[in-house]
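Reading through the structure tokens given below for one structure.
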Amino acid sequence: MNPYIQIENRKIGPDYPPLVIAEIGINHEGSLQVAKELVDAAHRAGAEVVKHQTHIVEDEMSGAAKKVIPGNATVSIYEIMKRCALDEADEIALKKYVEEKGMFFISTPFSRAAANRLQAMHVSAYKIGSGECNNYPLLKHIAGFGKPVILSTGMNTLESVSKAVQIFKDAGTPLALLHTTNLYPTPTHLVRLGAMTQLHQAFPDVPFGLSDHTLNNNACLGAVALGASILERHFTDHMQRTGPDIVCSMDEEACAELIRSSKEIWLMRGGEKAPTKEEQVTIDFAFATVCTIAPIKEGEVFTEANIWVKRPGTGEILAEQFEDILGKKAARAIAEDAQLKFSDIQ
């Protein structure tokens, strides 16, 4: 049986349509009203899951973070998160708003206090970002909740991911893994879908997918063709919003297209190299069978001068058997342009 995890009533794994996660993250810039507008757009696009980021800055970062400027920003990471974090009341309101629209609310906790807040909010699953993949103390804390976990593995090696996987296995915590490249946006040549398949080969009993930061859906769709069960992209209602993650976000139209196309590609996966029963209607006219191309007398030898292969494929003797017939004799007289039968052969 193929591996899967379950978030409430939604099963996630290779036997089910890919789960598309619309990450509103911090694209609301700290405004609950904007966050709700993003949720409205995600709902219109058909998203099943809205993912938030839970930042309790004092527990998340030391004062040293005030001097660290991310590559996709002009101010410190401390300032960005302080500006963009929702307080507990607003985050509870956001979760309620998401669920009232029939979607799942999940979030990435960036600290122990954030994880505890989400546990108190009764989230059904946790998403863990790449930066926390090797934060083993925090992983152990979250694993103790027993909720399903989707873990991004960007910036990590198979060795460091293996330690994280073991933490969740030891706790009996349902787990899925996402490959990602943590550049915003990610250049095409650094997506490395081969790393995603390598991750799957290393942990074959865990559902896998892609958290993508490129500028379109191509990486996600390529990932589905390679077996991905989860696709995550940052999300905004329109690309004119401001914020560090807007550039690599999908809008409502792109999200709807990703959901449609990923389901189509999922349906295309698998199978074996053999004709399907549905192809018989085409086989009937497209294949060739052995036919006479001249009148043949009883006892006459079959040669390329009196038999050949022609459409349709409704005759008894397939073209692939043609050479087996050459040199044998006719059991009876046969008219020209007849599909040869086995009973016509001595």
Are [X] and [Y] connected in the hydrophobic side-chain network, where two residues link if heavy atoms are under 4.5 Å apart?
X      : Y      : answer
Ile150 : Ile167 : no
Leu210 : Ile21  : no
Met250 : Val49  : no

Testing the 3.5 Å rule here: is there a donor-acceptor pair between the side chains of [X] and [Y]?
X      : Y      : answer
Asp245 : Asn27  : no
Thr54  : Glu91  : yes
Asn217 : Glu257 : no
Thr181 : Arg192 : yes
Glu60  : Ser111 : no
His234 : Asp212 : no
Asn182 : Tyr184 : yes
Thr173 : Lys147 : no
Lys95  : Ser107 : no
Ser130 : Asn156 : no

**OP:** Assign the ring pair His55 / Phe110 to parallel, tilted or perpendicular, where the plane angle (0 to 90°) is split at 30° and 60°.
**Re:**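 Parallel, since the angle between the ring planes stays under 30°.
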
Is the number of heavy atoms from other residues, nucleotides or ligands within 6.0 Å of [atom1] ([X]) greater than 12?
X      : atom1 : value
Glu100 : CD    : yes
Arg112 : CZ    : no
Glu253 : CD    : no
Tyr16  : OH    : yes
Gln280 : CD    : yes

Inter-residue atom distance [X].[atom1] - [Y].[atom2], 0.5 Å rounding:
X      : Y      : atom1 : atom2 : value
Ser229 : Trp266 : OG    : CH2   : 10.0 Å
Phe203 : Gln198 : CZ    : CD    : 9.5 Å
Asp344 : Ile334 : CG    : CD1   : 4.0 Å
Met239 : Ile246 : CE    : CD1   : 6.5 Å

Original post:
When you look at Glu37 and Arg241, which way does the salt bridge (Lys or Arg N to Asp or Glu O under 4.0 Å) test go after all the steps?
Top reply: CA-CA 12 Å; Glu37 292 171 9; Arg241 294 276 186 198; 2.7 Å; yes

Original post:
Would Tyr126 and Phe145 count as a close aromatic pair, with their ring centres under 6.0 Å?
Top reply: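 For Tyr126 and Phe145, the ring centres are under 6.0 Å apart.
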
**OP:** Would you confirm whether the ring centroid of Trp308 sits within less than 6.0 angstrom of the ring centroid of Phe322?
**Re:**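 Yes - the distance between ring centres of Phe322 and Trp308 falls below the 6.0 Å cut-off.
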
**OP:** Could you check Leu151 against Leu178 for side chain to side chain contact (heavy atoms under 4.5 Å, CB included), going step by step and ending with a plain yes or no?
**Re:** CA-CA 6 Å; Leu151 174 65; Leu178 303 185; over 6 Å; no

Subject >> Residue among Arg10, Glu8, Glu99 satisfying side chain to side chain contact (heavy atoms under 4.5 Å, CB included) with Ser124 >> reply: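 Option passing the side chain to side chain contact (heavy atoms under 4.5 Å, CB included) with Ser124: Glu8.
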
**OP:** Write down the atom of Pro174, the atom of Gly146, and the distance for their closest heavy-atom approach.
**Re:**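 So the two residues come closest at CD-O, 4.0 Å.
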
Subject >> Intermediate values then yes/no, side chain to side chain contact (heavy atoms under 4.5 Å, CB included), Ile5 and Leu175 >> reply: CA-CA 7 Å; Ile5 64 169; Leu175 178 68; 5.6 Å; no

**OP:** Under the ring-ring contact (aromatic ring centres under 6.0 Å, His included) rule, what do His200 and His179 come out as? Steps first, then yes or no, please.
**Re:** CA-CA 9 Å; His200 171 52; His179 166 63; over 10 Å; no

Subject >> Of all pairs that satisfy salt bridge (Lys or Arg N to Asp or Glu O under 4.0 Å), the ones with a partner from residues 71-85, not counting sequence neighbours >> reply: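 Non-adjacent pairs meeting salt bridge (Lys or Arg N to Asp or Glu O under 4.0 Å): Glu29-Arg83, Glu58-Lys82.
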
**OP:** Only counting residues at least two apart or in another chain, list the ones meeting salt bridge (Lys or Arg N to Asp or Glu O under 4.0 Å) with Lys101.
**Re:**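 Lys101 satisfies salt bridge (Lys or Arg N to Asp or Glu O under 4.0 Å) with Asp40 once adjacent residues are dropped.
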
